[in-house]
Trainee: 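Have a look at the structure that comes next, please.
Every chain is numbered from 1, with letters handed out A, B, ... down the list of sequences.
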Amino acid sequence: MVARAGSSRASTRRSRTSPPPVVFDRPTLDKARWCRRRLLAWYEQHGRQFPWRSQDAGVFQQVVAEVLLQRTQASTVGRFFGAFFEQFRSWDDIDSAPDEFLESILRPIGLWRRRAIALKALAAEMVARRGDFPDSRGELEILPAIGQYVASAVLLFAQGRPEPLLDSNMARVLDRVFEPRRLVDIRYDPRLQGLARLLVRSREPARINRAILDLAARHCGRSPTCEECPLRTRCNFALHNRSGPSSRVPQINEAALGRRRPQGVKD
DNA sequence: CTCCTGGATA
DNA sequence: TATCCGGGAG
C-alpha cells in the first residue's frame, strides 16, 4: 500500500542528484538482468543477517542505522545496534536526550560528534513532522543527516522504490563487473549512478541492494576471492584475473580510483 | 598502514 | 571539488 501523495506535478525539479538520463545498450541491459538473477540466488544462501534488516526493524531503526553505518563497518554497527536502540526507541527519545549522553553512547563506533549533531537535528525535524518522511528525493536531501545515500535508503525502505544504495562497495563491484567509473567521487558520476539504478530495478530492490553489498563485503574487497563469486563468469576483473595459476593479483589500474591521501605523518 | 553501506563544510 | 570526522577491524 503505497500512498502516493500526488507529487507528480512538482516532480523533483533539480535535486542535487540528477534524474536518470543515462541510457544503456542491450548487452548492458541483458548483463544487468543476468547479474540480478545470480545475485538473488547467491543472496539466498550467503546473505548476511543484520538487526536493521530484520522484520522487527521499523523505519526509525532502519534510517538511524543508515546514519550509524556511514563510514563504519556493518559488523561494527551490528554489535552496537542493540545497545543503541535500547536507549533510543524513537525519534522523540533522541530529540529529548542530552547531547552529551547521545555522544557518550555513540563514542564506541567513532564519528560520534558529527553523528550526535546530525541525529539530533534529524530527530527534531522528524518529531516536528510526526515521524513521516517527505516522498521526494529533493525534499529528503534537504533534511539534516540525509544526503544522497540515506535519501535512497529512505525511498527504498519506507516507500519500496528501486533506489540503489550506492556506496564505495557497490561502486567497486560495478567497476569490476561492468565499466570502470569515470569520476573518482561516486556521488557525482551519473553513469555509475545510472548503472546502479539499473541493477536494482526489480520486484525486490531491497534484496538486490543487500545482495550487492554482501557480495562486495564477502568476495569483492580489495583482495577479491573471484573463485567463489557468482558473477565471476561475466566479470571483467575475474576474467583478467584467471589468466595465471598464481593466486596473487598483480594490479588492475585500480590504484587511480581509490583515493590516495598523502596523510602526512607529523612527528 | 587502509578501509569502513557519507555528509557537511569551505 | 577537497577535507574533515573517528574508532575499530583487517
Side-chain angles (χ1 to χ4, degrees), chain A residues 15-17 39 43 47-53 57 61-81 83-84 102-122 125 137 140-157 163-175 181-189 192-193 196 199-200 205-225 251 254-267:
Chain A
S15 61
R16 213 158 290 148
T17 312
L39 284 167
Y43 183 74
R48 309 188 81 180
Q49 305 265 61
F50 289 114
W52 55 91
R53 294 181 178 181
Q61 289 189 341
Q62 291 185 25
V63 174
V64 173
E66 296 301 328
V67 176
L68 301 180
L69 282 161
Q70 290 169 12
R71 305 297 292 173
T72 306
Q73 287 198 359
S75 59
T76 299
V77 179
R79 290 190 298 273
F80 179 75
F81 189 91
F84 182 88
L102 179 58
E103 290 178 350
S104 69
I105 298 294
L106 290 170
R107 196 162 297 140
I109 65 171
L111 296 175
W112 49 273
R113 195 180 319 192
R114 284 175 176 269
R115 274 200 263 247
I117 295 173
L119 286 176
K120 268 291 193 178
L122 180 58
E125 184 67 29
R137 171 175 294 275
L140 279 167
E141 290 187 358
I142 296 175
L143 298 182
I146 296 185
Q148 179 184 95
Y149 183 92
V150 179
S152 293
V154 172
L155 293 173
L156 178 66
F157 295 126
E163 297 291 326
L165 300 178
L166 178 57
D167 65 332
S168 60
N169 287 311
M170 183 181 292
R172 187 173 54 248
V173 174
L174 297 179
D175 281 341
R181 75 190 79 157
R182 307 285 188 190
L183 304 177
V184 175
D185 197 325
I186 65 178
R187 292 172 288 190
Y188 305 121
D189 193 328
L192 183 63
Q193 293 179 19
L199 263 184
V200 302
R207 188 165 297 186
I208 293 283
N209 270 295
R210 289 162 175 166
I212 300 176
L213 294 179
D214 287 358
L215 179 70
R218 190 79 180 86
H219 296 304
C220 204
R222 185 153 297 278
S223 182
T225 55
Q251 75 286 350
E254 203 169 329
L257 297 178
R259 293 187 8 83
R260 292 280 176 272
R261 264 179 295 182
Q263 198 70 21
V265 184
K266 66 176 174 184
D267 287 335

Trainee: Could you state the atom-to-atom distance from CG of A/L119 to C1' of C/dG6 in whole Å?
Mentor: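 Atom CG in A/L119 sits about 15 Å away from atom C1' in C/dG6.
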
Trainee: Write down the distance between CZ (A/F84) and C1' (C/dG7), rounded to a whole number of angstrom.
Mentor: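 My rounded result for the distance is 16 Å.
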
Trainee: Starting at atom CD of A/Q70, determine the distance to atom C1' of C/dC4, rounded to an integer number of angstrom.
Mentor: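 A/Q70 atom CD is separated from C/dC4 atom C1' by 14 Å.
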
Trainee: A/M170 CE to B/dG6 P: how many Å, rounded?
Mentor: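 Distance, rounded to whole Å: 11 Å.
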
Trainee: Other residues, nucleotides and ligands only: do more than 12 of their heavy atoms fall within 6.0 Å of CZ on A/R107?
Mentor: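 Yes, the 6.0 Å shell around CZ holds more than 12 heavy atoms from other groups.
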
Trainee: Determine the contact category for A/R113: base if any of its heavy atoms lies under 4.0 Å from a base atom, sugar-phosphate if only primed atoms, P, OP1 or OP2 are that close, otherwise nothing.
Mentor: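 The residue A/R113 makes sugar-phosphate contact but no base contact.
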
Trainee: Classify the nucleic acid contact of A/I146 as base, sugar-phosphate or nothing, counting any heavy atom under 4.0 Å across all strands shown.
Mentor: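 A/I146: backbone/sugar contact only, no base atoms under 4.0 Å.
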
Trainee: So do A/W52 and A/V77 actually touch side chain to side chain, heavy atoms under 4.5 Å?
Mentor: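 When only atoms from C-beta onward are counted, A/W52 and A/V77 do touch, with a gap below 4.5 Å.
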
Trainee: Could you pull out the closest heavy-atom pair between A/G110 and A/R115, with the gap in Å?
Mentor: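 Looking at all heavy atoms of both residues, the shortest contact is O-NH2, 2.9 Å.
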
Trainee: In terms of the nearest nucleotide of DNA chain C, which residue is placed more toward the 5' end: A/R79 or A/T72?
Mentor: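 Nearest nucleotide further toward 5': that of A/T72.
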
Trainee: OP1 or OP2 of B/dC3 sitting under 4.0 Å from any side-chain N/O of A/R222?
Mentor: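 Looking at the OP1 and OP2 atoms of B/dC3, one of them is under 4.0 Å from a side-chain N or O of A/R222.
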
Trainee: Need one value for A/G110: base, sugar-phosphate or nothing, where a base atom within 4.0 Å counts as base even if backbone is also close, heavy atoms only.
Mentor: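 Base contact.
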
Trainee: Quickly work out the A/L213 CG to B/dG6 C1' distance and round it to whole Å.
Mentor: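 Distance check: A/L213 CG to B/dG6 C1' gives 14 Å.
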
Trainee: Answer yes or no: does a side-chain N or O of A/W112 lie under 4.0 Å from OP1 or OP2 of C/dG7?
Mentor: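 Affirmative; the distance criterion is met.
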
Trainee: Could you give the CD-to-P distance, from A/E103 to C/dG7, as a whole number of Å?
Mentor: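 After rounding, the reported distance stands at 12 Å.
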
Trainee: When rounded to the nearest 0.5 angstrom, what is the spacing between CD1 in A/I186 and CZ in A/R172?
Mentor: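 A/I186 CD1 to A/R172 CZ: 10.5 Å, rounded to 0.5 Å.
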
Trainee: Using a heavy-atom cut-off of under 4.0 Å over every strand shown, decide if A/Q73 touches base, sugar-phosphate, or nothing.
Mentor: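 The answer is base, as A/Q73 lies within the cut-off (heavy atoms under 4.0 Å) of a base atom.
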
Trainee: Between P on B/dG7 and CG on A/L165, what's the gap in Å once rounded to a whole number?
Mentor: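 Roughly 11 Å, once rounded to whole Å.
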
Trainee: Please find the pair of heavy atoms, one from A/F81 and one from A/A65, that lie closest to each other, and give the distance.
Mentor: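 Shortest heavy-atom separation between A/F81 and A/A65 comes out as CE1-CB, 4.4 Å.
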
Trainee: Quick check on B/dC4: is either OP1 or OP2 less than 4.0 Å from any side-chain nitrogen or oxygen of A/S75?
Mentor: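 Checking B/dC4 against A/S75, no side-chain N or O comes under 4.0 Å of OP1 or OP2.
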
Trainee: Any donor-acceptor pair under 3.5 Å between the side chain of A/R114 and the base of C/dC4?
Mentor: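 Check passes, donor-acceptor contact within cut-off.
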
Trainee: Can you see which heavy atom on A/E163 is nearest to which on A/N209, and at what distance?
Mentor: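 In this case the closest contact between A/E163 and A/N209 is O-ND2, 3.0 Å.
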
Trainee: What integer distance in Å separates A/L143:CG from B/dG6:P?
Mentor: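 About 19 Å, once rounded to whole Å.
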
Trainee: Sticking with atom P, work out how far C/dG8 lies from B/dG7, rounded to a whole angstrom.
Mentor: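 It works out to 23 Å between them.
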
Trainee: For C/dT1 and B/dC4, measure between their C1' atoms and round to the nearest Å.
Mentor: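 Per the computed distance, 22 Å lies between those C1' atoms.
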
Trainee: Under 4.0 angstrom, heavy atoms only, what part of the nucleic acid is A/A217 near: base, sugar-phosphate, or nothing?
Mentor: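 Nothing, no nucleic acid heavy atom in range.
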
Trainee: Name the residue closer to the 5' end of DNA chain B, choosing between A/R53 and A/P144 according to the nucleotide with the nearest heavy atom.
Mentor: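 Its nucleotide being nearer the 5' end, the pick is A/R53.
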
Trainee: Counting any heavy atom closer than 4.0 Å, what does A/V67 reach on the DNA or RNA strands: base, sugar-phosphate only, or nothing?
Mentor: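 Touches nothing.
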
